[in-house]
Amino acid sequence: MSWINKIFGTNKVEKIPTRKIDYIQISNDWNADPVSPEIELKVDGIHLIMDIYLNHFRFDKYQAGDKVKIRFKNCSEYSLNTCNDEGYFYGQYRTNHNELPWGEFYEIKSGLDKELPNPIEKIQTSNSDRKHFIFFFKDETFECLASDYYLDFYNEKVLDSCKTNYNVVLGDKEIGTSKLEKADASMGVAFGLIEFNGIETPYEFFKEYCLKNNIVINTDDPEYEFIDTQVISELKVFRQDGLEIKGVAGNAITGMKDEGYEISILGISYPFYEEEFPHHVEHYRNMYKSK
């Protein structure tokens, strides 16, 4: 057959190189509700906030009503387009399932351009130094360019049950209030965001107090105004009737400027914990009920 090849030549089939997308999967032990995530988007200054329901069918640690709030810090633009799961598998997007598996939340490191599909909502004009995020939902696909992201998991029912405002006191100064809307009931921990009274820069306030009173600061990041402290003995929480909510391990502060600052009460004894925070205990017990 060599003479035929000499006359007609050979047509070699060139293998088309497969594009490699380098990514980090963020949704490793959680994901959006596979049927109805009920996506809510809100622009907060230069940040974008996404609120969605979680997949409590697949992940046992979540239950109906559990949500995650994703804050995309310093977001320049975003797209929530109509490419659904079927469209993605039929090749109607600028990438495909072999390059980027459908149904997860990713940070794209390289291999996928940052030209977001329409419709595009712009928050800022510059895209420089922005990370690329993409989240595949059943009926929509979300992309955005932002400096970073932060996750805040919560339960809608529990949040609605947190009606009490607790007074937060440092030394002899009432610095604000908290609903203590979050918890680890198994450890007797209650924590929540502080609504400050007249404190414009909480980061500087807590840092100055800790340095002055020899309180250990676990983490201090001036760029993001992030601080995480060890137990502060003079940091106390009181109910409106004056009863102090005490934890055997004490109280501490953690948080940053963009996310707010939380007070944690560590090791509240039972049965008082259940009496004071029945909604947190109920939510914890429901996590282990058979689905």
Side-chain angles (χ1 to χ4, degrees), residues 44 49 51 65 67 69 71 150-221 224-284:
D44 179 18
I49 300 173
D51 231 328
K67 303 184 78 173
K69 191 185 298 290
R71 175 182 286 266
Y150 303 100
L151 304 175
D152 182 17
F153 296 91
Y154 69 98
N155 181 274
E156 207 169 35
K157 182 180 177 182
V158 171
L159 201 60
D160 290 341
S161 300
C162 297
K163 305 296 185 183
T164 304
N165 274 322
Y166 296 88
N167 296 323
V168 181
V169 177
L170 183 58
D172 58 357
K173 179 182 177 64
E174 185 175 309
I175 63 173
T177 61
S178 177
K179 293 184 181 296
L180 299 178
E181 69 277 7
K182 303 176 185 178
D184 181 347
S186 65
M187 301 298 291
V189 175
F191 57 103
L193 286 171
I194 302 173
E195 292 289 335
F196 291 98
N197 297 331
I199 298 176
E200 295 183 3
T201 55
Y203 166 78
E204 293 291 347
F205 175 80
F206 287 123
K207 181 175 180 178
E208 182 180 340
Y209 182 90
C210 290
L211 293 176
K212 182 178 179 180
N213 293 277
N214 297 316
I215 306 296
V216 176
I217 299 175
N218 298 322
T219 308
D220 176 15
D221 186 341
Y224 294 103
E225 296 189 20
F226 176 85
I227 191 167
D228 177 61
T229 76
Q230 288 277 9
V231 168
I232 303 174
S233 60
E234 292 300 308
L235 182 64
K236 300 180 180 180
V237 179
F238 295 91
R239 213 163 58 185
Q240 294 297 320
D241 62 4
L243 177 69
E244 183 179 357
I245 312 298
K246 292 183 177 180
V248 294
N251 306 330
I253 293 292
T254 188
M256 66 174 62
K257 181 180 179 180
D258 290 335
E259 292 295 296
Y261 296 85
E262 293 178 338
I263 181 168
S264 298
I265 308 176
L266 311 171
I268 303 170
S269 301
Y270 278 80
F272 176 78
Y273 188 96
E274 186 169 8
E275 295 168 357
E276 187 67 22
F277 307 106
H279 44 289
H280 289 322
V281 176
E282 179 186 8
H283 181 254
Y284 173 73

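We use all heavy atoms of the structure for the numbers below, so side chains are in, but hydrogens, waters and symmetry mates are not.
With sequence neighbours excluded, the residues that form a salt bridge (Lys or Arg N to Asp or Glu O under 4.0 Å) with E274 are R285. For Y284, the ring pair (Phe, Tyr, Trp, His ring centres under 6.0 Å) partners are Y288, not counting sequence neighbours. Residues satisfying the side chain to side chain contact (heavy atoms under 4.5 Å, CB included) test with L266, not counting sequence neighbours, are V189, V231, A249, S264. Qualifying side chain to side chain contact (heavy atoms under 4.5 Å, CB included) partners for T219, counting only residues two or more places apart in sequence or in other chains: F226, D228. Listed by chain and number, the residues in a side chain to side chain donor-acceptor pair (under 3.5 Å) with D241 are R239 (sequence neighbours excluded). Residues satisfying the side chain to side chain donor-acceptor pair (under 3.5 Å) criterion with Y224, sequence neighbours excluded, are absent altogether. The side chain to side chain contact (heavy atoms under 4.5 Å, CB included) search around T229 returns C210, I227, I232, A252, I253, not counting sequence neighbours. Residues forming a side chain to side chain contact (heavy atoms under 4.5 Å, CB included) with D220 (at least two apart in sequence, or on another chain): Y203, K207, I217, P222.
Residue pairs satisfying the ring pair (Phe, Tyr, Trp, His ring centres under 6.0 Å) criterion with at least one member in residues 231-275, sequence neighbours excluded, are listed as follows: Y270-Y273, Y273-F277. Within the structure, side-chain hydrogen bond (donor to acceptor under 3.5 Å, both in side chains) contacts touching residues 185-199 (residues at least two apart or in different chains) are D184-S186.
Here N155 contributes atom CG and H280 contributes atom NE2; the two are 10.0 Å apart, rounded to the nearest 0.5 Å. Going from atom OG1 of T254 over to atom CD of E259 covers 11.0 Å, rounded to the nearest 0.5 Å. Taken to the nearest 0.5 Å, the CD atom of E244 stands 5.0 Å off from the NZ atom of K236. The CG atom of D44 lies 4.5 Å from the CD1 atom of I49; values are rounded to the nearest 0.5 Å.
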Please tabulate, one pair per line, all N/O donor-acceptor pairs under 3.5 Å involving side-chain atoms of residues 158-166, not counting sequence neighbours.
residue, atom, partner, partner atom, Å
S161, OG, K157, O, 2.9
K163, NZ, D160, O, 3.0
Y166, OH, E276, OE2, 2.6

Atom pairs and distances, donor-acceptor, side-chain atoms in residues 171-182, under 3.5 Å, two or more places apart:
residue, atom, partner, partner atom, Å
S178, OG, L180, N, 3.1
S178, OG, L193, O, 2.9
E181, OE2, L193, N, 3.1
K182, NZ, D152, OD1, 2.8
K182, NZ, D152, OD2, 3.4
K182, NZ, E262, OE2, 2.7

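Between M256 and D221 the shortest side-chain heavy-atom distance does not fall below 4.5 Å.
More than 12 heavy atoms of other residues, nucleotides or ligands shown are found within 6.0 angstrom of CD on Q240.
Closest approach of L170 and F205 over heavy atoms only: CD2-CE2, 3.6 Å.
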### Query
Given the rule in the side-chain contact (heavy atoms from CB on, under 4.5 Å) test, do I199 and F206 qualify, once you have shown the distances and angles that lead to the verdict?
CA-CA 10 Å; I199 298 176; F206 287 123; over 6 Å; no

